[in-house]
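For clarity, every value in this text was computed on a predicted model and none was experimentally measured.
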Amino acid sequence: MRAEIQLGHSFEWRYTIPARASVPALYHDTPFCLDMPEVLATGYLVGMMELACLHGLMPFMDWPREQSLGTMVSFQHLVPTPPGMTLTIRGRVVDVDGRRVRFQVEAWDELDKVCEGIHERHLIDPARFNDRVAKKLAQWASPHAVPAEPPRDER
């Protein structure tokens, strides 16, 4: 890290919503979504909230040798926003525990508060992380791989 991540560090990031971020465009391969409203998809909004937090961490990271990945999101999508409007996303670091950083984040369009919530990111060494992914891919591709059984619902 270039510098110690400071509690209370705040940031702001703006992003104009493209047409590809609407529900029908994002889920174009799912027929019933094609009839849904042309508004910002929650899945895309979550990505924008994550990117804003990544942007907020950049002054503290030795990029690209150090990066961060999102590990938790808890957001409320409050109002619809059509493509073409600009989101202003504001965040603040509320907790740092080792390589884990937690943010309080909110997004506004030109008229309304669009989203609010908590996001968590973990700082990673990309070389080590990519090694782990490569090992997983090799294991998965192995003809002798035994698939993990998903947990059974105990209800």
Quiz item: Of all heavy-atom pairs between Cys115 and Leu78, which one has the smallest distance, and what is that distance?
Solution: N-CD1, 4.1 Å
Practice problem: Compare all side-chain heavy atoms of Leu69 with those of His122 and state whether any distance is below 4.5 angstrom. | Solution: no
Self-check item: Gap separating the CG atom of Leu54 from the CH2 atom of Trp13, nearest 0.5 angstrom
Solution: 9.0 Å
Quiz item: Taking a hydrophobic cluster as the set of Ile, Leu, Val, Met, Phe, Trp and Tyr residues connected by side-chain heavy atoms closer than 4.5 Å, whether directly or through intermediates, do Tyr27 and Val46 fall within one such cluster?
Solution: yes
Quiz prompt | From Leu26 atom CG to Met36 atom CE, the distance as rounded to the nearest 0.5 Å | solution = 11.0 Å
Quiz item: Of the non-hydrogen atoms in Pro64 and Pro126, which two are nearest, and what is the gap between them?
Solution: O-CG, 3.3 Å
Exercise. Say whether, by atom type as modelled, one donor and one acceptor occur between the side chain of Asp125 and the main chain of Ala127 under 3.5 angstrom.
Key: yes
Quiz item: Mind checking whether Trp140 and Phe129 sit in one hydrophobic cluster, side chains of I, L, V, M, F, W, Y counted as touching below 4.5 Å?
Solution: yes
Quiz item: Donor-acceptor pair, Arg92 side chain versus Gln104 backbone, under 3.5 Å?
Solution: no
Self-check item: Closest contact, heavy atoms only, Val105 versus Cys53
Solution: CG2-SG, 3.4 Å
Practice problem: Any chance you could measure Met48, atom CE, to His55, atom NE2, to the nearest 0.5 Å? | Solution: 13.0 Å
Quiz item: Is Phe60 linked to Val94 within one hydrophobic cluster, defined over Ile, Leu, Val, Met, Phe, Trp and Tyr using a side-chain heavy-atom separation of less than 4.5 Å?
Solution: no
Quiz item: Would you find a donor on one side and an acceptor on the other, under 3.5 Å apart, between the side chain of Gln6 and the backbone of Glu4?
Solution: yes
Practice problem: For Pro18 and Tyr44, work out which heavy atoms get closest and say how close. | Solution: CG-OH, 3.7 Å
Quiz item: Do Leu111 and Ile89 sit in the same hydrophobic cluster, where Ile, Leu, Val, Met, Phe, Trp and Tyr count as joined when their side-chain heavy atoms come under 4.5 Å apart?
Solution: no
Practice problem: Calculate, to the nearest 0.5 Å, the distance between atoms CG and CD1 belonging to Leu123 and Ile5 respectively. | Solution: 5.0 Å
Quiz item: Under a 4.5 Å cut-off applied to non-hydrogen side-chain atoms, are Leu57 and Phe103 in contact?
Solution: yes
Self-check item: Shortest non-hydrogen contact from Glu66 toward Trp63
Solution: O-CE3, 3.5 Å
Practice problem: Look only at the side chain of Glu38 and the backbone of Pro82, and say whether a donor-acceptor pair between them is shorter than 3.5 Å. | Solution: no
Self-check item: Considering all heavy atoms, the nearest Met72-His119 contact
Solution: O-ND1, 2.8 Å
Quiz item: For the atom pair CG (Leu87) and CE (Met49), what is the distance rounded to the nearest 0.5 Å?
Solution: 8.5 Å
Practice problem: Check whether Ile118 and Val114 end up in the same hydrophobic cluster, where Ile, Leu, Val, Met, Phe, Trp and Tyr are linked by side-chain heavy atoms less than 4.5 Å apart. | Solution: no
Quiz item: Can you find a pair of side-chain heavy atoms, one from Val23 and one from Pro37, that are under 4.5 Å apart?
Solution: no
Practice problem: Check each of Thr71, Val93, Leu7 against Val101 using the side chain to side chain contact (heavy atoms under 4.5 Å, CB included) test, and report the only one that passes. | Solution: Val93
Quiz prompt | Heavy-atom side-chain contact between His28 and Arg20 under 4.5 Å | solution = no
Quiz item: In Å, rounded to the nearest 0.5 Å, how long is the span from CG of Leu45 to OH of Tyr15?
Solution: 11.5 Å
